[in-house]
Protein chains: 6
Amino acid sequence: MQEIAIEHIVQQLAGIREHALQQRQRLTQPPKLPSRKVLAKCVEGLAAALFPNRLGDSDIQPHAINFYVGTTLDKALRELQQQIRLELAFKAAGTPASEFNEQAHALTFTFAEQLPAARLQLDTDLEAAYQGDPAADSVDEILVSYPGILALIHYRLAHVLHRLGLTITARLITEIAHSQTGIDIHPGARIGDYFFIDHGTGVVIGETAIIGNHVRLYQAVTLGAKNFPKDANGHLVKKFERHPILEDYVVVYAGATILGRITIGKHSIIGGNVWVTCSVPANSHLTQAHSDAKPIPAAA
Amino acid sequence: MQEIAIEHIVQQLAGIREHALQQRQRLTQPPKLPSRKVLAKCVEGLAAALFPNRLGDSDIQPHAINFYVGTTLDKALRELQQQIRLELAFKAAGTPASEFNEQAHALTFTFAEQLPAARLQLDTDLEAAYQGDPAADSVDEILVSYPGILALIHYRLAHVLHRLGLTITARLITEIAHSQTGIDIHPGARIGDYFFIDHGTGVVIGETAIIGNHVRLYQAVTLGAKNFPKDANGHLVKKFERHPILEDYVVVYAGATILGRITIGKHSIIGGNVWVTCSVPANSHLTQAHSDAKPIPAAA
Amino acid sequence: MQEIAIEHIVQQLAGIREHALQQRQRLTQPPKLPSRKVLAKCVEGLAAALFPNRLGDSDIQPHAINFYVGTTLDKALRELQQQIRLELAFKAAGTPASEFNEQAHALTFTFAEQLPAARLQLDTDLEAAYQGDPAADSVDEILVSYPGILALIHYRLAHVLHRLGLTITARLITEIAHSQTGIDIHPGARIGDYFFIDHGTGVVIGETAIIGNHVRLYQAVTLGAKNFPKDANGHLVKKFERHPILEDYVVVYAGATILGRITIGKHSIIGGNVWVTCSVPANSHLTQAHSDAKPIPAAA
Amino acid sequence: MQEIAIEHIVQQLAGIREHALQQRQRLTQPPKLPSRKVLAKCVEGLAAALFPNRLGDSDIQPHAINFYVGTTLDKALRELQQQIRLELAFKAAGTPASEFNEQAHALTFTFAEQLPAARLQLDTDLEAAYQGDPAADSVDEILVSYPGILALIHYRLAHVLHRLGLTITARLITEIAHSQTGIDIHPGARIGDYFFIDHGTGVVIGETAIIGNHVRLYQAVTLGAKNFPKDANGHLVKKFERHPILEDYVVVYAGATILGRITIGKHSIIGGNVWVTCSVPANSHLTQAHSDAKPIPAAA
Amino acid sequence: MQEIAIEHIVQQLAGIREHALQQRQRLTQPPKLPSRKVLAKCVEGLAAALFPNRLGDSDIQPHAINFYVGTTLDKALRELQQQIRLELAFKAAGTPASEFNEQAHALTFTFAEQLPAARLQLDTDLEAAYQGDPAADSVDEILVSYPGILALIHYRLAHVLHRLGLTITARLITEIAHSQTGIDIHPGARIGDYFFIDHGTGVVIGETAIIGNHVRLYQAVTLGAKNFPKDANGHLVKKFERHPILEDYVVVYAGATILGRITIGKHSIIGGNVWVTCSVPANSHLTQAHSDAKPIPAAA
Amino acid sequence: MQEIAIEHIVQQLAGIREHALQQRQRLTQPPKLPSRKVLAKCVEGLAAALFPNRLGDSDIQPHAINFYVGTTLDKALRELQQQIRLELAFKAAGTPASEFNEQAHALTFTFAEQLPAARLQLDTDLEAAYQGDPAADSVDEILVSYPGILALIHYRLAHVLHRLGLTITARLITEIAHSQTGIDIHPGARIGDYFFIDHGTGVVIGETAIIGNHVRLYQAVTLGAKNFPKDANGHLVKKFERHPILEDYVVVYAGATILGRITIGKHSIIGGNVWVTCSVPANSHLTQAHSDAKPIPAAA
């Protein structure tokens, strides 16, 4: 078979890389980022530690569960600590990762301490799914098959990391769930107990969204930003509060879009495909103005 | 490196697990569920047996195909039988899985008998995709690359299982496809021949939906429930008929939402993003009331 | 355990296969198609060659990067060449694959020559993401975590192949990204520099769409065809220009649907959930006619 | 590529299989045997539980070792129990494996109870290796690199199983070590504390051999049977005591062959390549009669 | 971490490679050899086809065995055909592998035709092992655990290939067994039925050895060449008959060395560690001249 | 299934571990050792860098070989550097591994510099095998199939490490080859050019052996120590010169045993199974005193 000479392509790519680094004013050796693959294993381990019978080794014997939880947790936390160290070093470009051992350790420990609370909160989410879906027969089924739960496990762990300032690690974790479920929850969002997302594909929950307890969302709901103000230099203003607040017991049906720092009052119901950009009081029912298209008898 | 003491976290998690089990009034050793990973392999094997050249070993020699189909089928059915046994035991909590050998065998056999019919039906779906997509050059391409077909292979197998009462196994199988394609078809839905879903991301088809022959859906179409009645105790009424009926030759464009036990008559066309909650007669054309936003010349 | 007799099922499936082949007037041994699994590895290799530190081996030492890029490229191109050969042979059914060695080699070489340009264009996409998302802290984060970028890496490589006539290989590659991101870009679409898709789940970009520079799309945007004309024999007319043109600096918000061979003029903004089927001039702002549902105080 | 028709070869092989089964007067479905691959994993797990830092996960944190040991042990014992069940069912051909659950459980439990004793004995073996090899710098090195220790870990576990009557499982385990080290110790042999085999390739220790404490063997030593008496029907007499007894502190140098039920008295030294078929008293020194070949000045 | 500059090492290695190729008067692109890894899988597949229950998928259902055998055989033969093609091309350096498709096919077919005979012969070997080892309880155990049988499966398949002139492929296959068992049988040796090697480590059987029926060897037996004559140019004469002939019913005990083209007559017994370089008549018993070392009472 | 309570076994094992550590006066957290598994991959990488076409990726295109060698080398050296760091830290128990970064780097670099010389020396070994074995048809075959060459690749790399004081890493590497080939060469031995080991199973070459150029050994040859003197405290004297010296052109036939710090003079030939404990002059021919057992006509 003939050869494909690649020498000059390699050289061109090297030139482009160098140019790109210069543009970003970076050192030749860019600091390493946390790894999506490692974090995926990490979260798998943490989920197994939280729900050992359902998401871990389902053949585990009852008396050995604590052994299993301990081992799985220890391994996942060791891996996580490495990833945290990488994020710390990346953000302090120039300082070698080994300088961040202690800080990474402290952050991992703080994270680990919050795992029991995360489990408790996920139990409320499972309960909400069971109460909210007429097709659900048991909590166990939900835990192993509902994409909404998978997304929440990732989000609730990522949110703890996000609050500890580990934004990259947190984002990588929620993107793992996004890829598997089509549900895109920013780890910065704040979400209360008993949260339920049904079907879920296409749901987007923005960075500064706040969601109360007992809230329910259906597929393709967006809790987004309305606009993106720029500063005097024409650059986007970053990180300001720009996403909606949903109070307790709000229900949002499929395809609804809620934009901007507005508040949806308690017990409100937002109908499918509705577009909301202003706050609404408690107990509101929003439906599409012309809720139904009219049948037009087909000519031919 | 410093250690992260996890002993007390393990203890807390054990306490939470025990509490959760008590709440659900469960035995200490919860019955095992079918495994998503095993079922994914199972469906891969069944798909390979149904379409050996395209979804199986593409290097297989023609004279050896029957050997290959037999081997692949035998392995997939043995695995499936184990999973069925687990579902039976799970639902009869307390009875050991080994008591369900015969019943699992009988159900697996009944399932297997329906595989040729499933293949024939999938051939109609492939034909519909070929006829329905201007971008499609051959049936083979569709089989290996269209997410709609991947979702239908999973659904058609899962539906057979669902009719046999194996609701958990069935659901796990359609969720595998949901994760890979963004198409969420409940295994309980009843779908006719020559069904085509184009693009598919965000499609949701509910548990009691009924779809005729030659129906075509585009991405983000929802066939959902309109509301969720509660019984006298305030609990959701489960499993009643609450999703739409689409008669033969109906086409539903992207983003349309059809809710409730309504009927869309034969040859009707439902436009993109339309919201439908009442039945429409045959040959209807529904489009958004204000089908188009008006261009507003930008001030600045 | 009892056996499941499968002999007759194997025979029935063989009969169905034979029948299906006859219907498609095919030889007994259907030509092999390119493999999605192999192409997934291929694209992984090409992405690693384009961005070795971020998408390749992140522990690679600086002085060894060119070695790494060369090796990775060589391997990926060898694999790609095999797949291209399969596509060529598939399309010339009856001619053995070995006849296409030289043509496959020439096409692979032409493809490889365009990799540096692809990298440069992806750098503009990364820049656009960084400029366009208030939540983004660095270009590196975007490269490793944003689904929009993953989809564009696949699309930009697939598009080169599509222009070389390798439509099946190209489509398989974009479907790999579709499955992982929910973003469905047809490899035939033409997309300019500085393209950014945020969140992305549910985005569909059709085969003949044309997108200028500095365009931004949000989740669930469809750039689709309006209708599907049939020829005199009742068959779909295939491959004609049927998708929209978006000029430079157009922004399309979540859920908007733009259909048909229409043109959205420069600097236009298409609001969320808007449905557009006619061309609009430059600088247009489209928003939903009844942009907001009205709050109805809940009776009970 | 041309096909290789294999149909008739498959038929011929089926005929041969049927014939072979008939000859052994066996049922059509032969009972399943324990699996070498599963047992290899089992022993790996048990070794990791016995020496967690050196043969298990070397990154495990100190406080998590007990968790790790418990998990590893639980998994290995569950697997072992399955294999034991298979052996019991194989030996009672006709009775299904599920009848042996309790017996397999009891045997696994008895085995597990002897693991601490096995560890203690292996510690004496490690000590003997350290004392006996001038090239050894530490006990840790020996544990991870000496084939003699690898063989003894397998033997000591297999021997416990052999004493419980699980001869097939035991033999499979020692053959795993045989393949890796060239050291062939029958699991039926009885071996005291502080046993050391240096280099080891070619060592054979027969089924009924008895070895005292503080014994040392070098490579290619055989402790074998002298002859194989037949019974009145001309069949080999099986399982009688036919291998040597080595008392405490015996040393046997490379290539020596000791055959038959003879006794080598305490503190004896058997020289390299020596052939011994009679008992020798304590403190004997055996060397080859003509211990050295004479140099013959080469003519040409 | 500091870098290790390797550029100049890579250059030096390139220089050495070029020099080595020049010395061997070879083209720049050396022809590819068959792959040990692929052949290992091949033999695993062939062994599974020959003994499906014991060396294949032990869970296979009885009615599906022929399917399994056919599939496994087809796959193994396809792989083997590729390897054969590589050997043919290697030996005809300069001719591309694709020229040897037909010849490789014919050779693979001839090989496949001899598989039933190979199975029959291996059945005699199993029988011999059962009759010859007092420690063996069943033929099944022997098949899964005896290294001698593993070596013979490899040898008997390799020998068929060797007779077809595929010497490299054949040698690679016997070396796979050599590595696993320590038994080194040259594929050119000719070995009759009912052959048994006990323990086996260190056995060497040379290229031109001839072994009758019902022969038994123990560990570390060498059937080797006595000397290596050189031709007029001082090069070794290759491939002449230089290894022993063992007639029917010969037994050779551990460590015996038999060298040169001599004949060991029927029913002879060669004792352990004996050194034989002359032919012996039928029914001979050879034992070491001074069969036993004398005990020397140890002074201190 | 019943449970196996393992809590008390875990406790017992913990007690034994603690006791063992105390006896060796060790800290609770024993320093980590280099890993056999990682080193196996390392050597595989180094072998691929030395012989890229035969032991690396045989499909590599000629122009891409240097890329491949560079990448493979870089990866292998990075891994090796980690292992070296572990050995340094192990030997300086108490000092954390991170303190040895620079020293590990320097040692790895020194090692890498010697790779070209190692390749050149291995080329002489290949040449010797080709010249020395009448059954060998080409150097390429030898490289991929001869166990003697596999053992030498490991030894020659390990020896470089041993000379750098990395005795544990070196030993682990030669033990990898020992397990695969049955050839046990201590990495401390010094071996000249053109060395050939035929068959090889059972060969043992001791730590202080010295072997000249053009030496040839057959299977089961031992170059060992004669005795093990003890010091005043009854402990073995370690590391003194105790193994033989073989001068240039010495040949040692199968099963010969050469013990102690003796010298075998140039061009000497040591016959099979011979036992040598005194030096012999150049050109000696040693054969067994009673070179042949006498045939005894069998009575019955």
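Letters A, B, ... mirror the listed sequences (proteins, then strands); counts begin at 1.
- Contacts of B:S179 with chain C are made by backbone atoms alone, with heavy-atom separations under 4.5 Å and no side-chain atom involved.
- Considering only heavy-atom pairs separated by less than 4.5 Å from chain B, the leading option among C:E207, C:E175, C:E7 is C:E175.
- Contacts between B:Y218 and chain C at a heavy-atom distance below 4.5 Å involve the side chain alone, from C-beta outward.
- Interface remark: of the candidates B:D137, B:L50, B:D133, B:N66, B:N66 forms the most heavy-atom pairs closer than 4.5 Å to chain C.
- Residue with the most contacts toward chain C among B:V139, B:L115, B:T108: B:V139 (heavy-atom pairs, distance under 4.5 Å).
- Residues of residues 142-150 of chain B lying under 4.5 angstrom from chain C, judged on non-hydrogen atoms, are B:V144, B:S145, B:Y146, B:P147 by number.
- Both the backbone and the side chain of B:A136 come within contact range of chain C, judged by heavy atoms closer than 4.5 Å.
- Annotation for C:K266: atom NZ does not count as buried by contact number, only 12 or fewer foreign heavy atoms lying within 6.0 Å.
- Summarising the geometry of C:A20 relative to B:D123, their closest heavy-atom pair is CB-OD2, 4.0 Å, with the distance given to 0.1 Å.
- Both the backbone and the side chain of B:D74 have a heavy atom closer than 4.5 Å to some heavy atom of chain C.
- Proximity to chain C (any heavy atom under 4.5 Å) is shown, for B:F111, by neither the backbone nor the side chain.
- Interface remark: B:A112 contributes backbone and side-chain atoms alike to the contact with chain C (heavy atom separation under 4.5 Å).
- Under a cut-off of 6.0 angstrom, the local environment of CD in C:Q11 is crowded, with over 12 non-hydrogen atoms contributed by other residues, nucleotides or ligands.
- Both the backbone and the side chain of B:E141 have a heavy atom closer than 4.5 Å to some heavy atom of chain C.
- The side-chain hydrogen bond (donor to acceptor under 3.5 Å, both in side chains) test applied to C:K32 returns B:D59, not counting sequence neighbours.
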*Verdict with reasoning, B:Q219 to C:D184, per side chain to side chain contact (heavy atoms under 4.5 Å, CB included)*: CA-CA 10 Å; B:Q219 67 269 24; C:D184 180 356; over 6 Å; no
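- Between B:L73 atom CG and C:L13 atom CG the span is 7.0 Å, to the nearest 0.5 Å.
- Side-chain contact check for C:I9 versus B:P116: some heavy-atom pair is nearer than 4.5 Å.
- For C:H186, the part lying near chain B is the side chain, with the backbone staying farther off; criterion is any non-hydrogen pair under 4.5 Å.
- Contacts of residues 244-257 of chain C with chain B at a heavy-atom distance below 4.5 Å involve C:G255, C:T257, listed in sequence order.
- At a threshold of 4.5 Å between non-hydrogen side-chain atoms, the residues C:H8 and B:E113 count as touching.
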_Could you walk me through whether B:R119 and C:R17 satisfy the side chain to side chain contact (heavy atoms under 4.5 Å, CB included) test, starting with their C-alpha distance in whole Å, then the side-chain angles of each, then the deciding distance to 0.1 Å, before giving a yes or no?_
CA-CA 9 Å; B:R119 163 54 137 115; C:R17 279 202 311 277; 3.2 Å; yes
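- In this structure, CD1 on C:I16 lies 4.0 Å from CG on B:L120, to the nearest 0.5 angstrom.
- Among residues 163-172 of chain C, the residues having any heavy atom closer than 4.5 Å to a heavy atom of chain B are, in sequence order, C:T167, C:I168, C:R171, C:L172.
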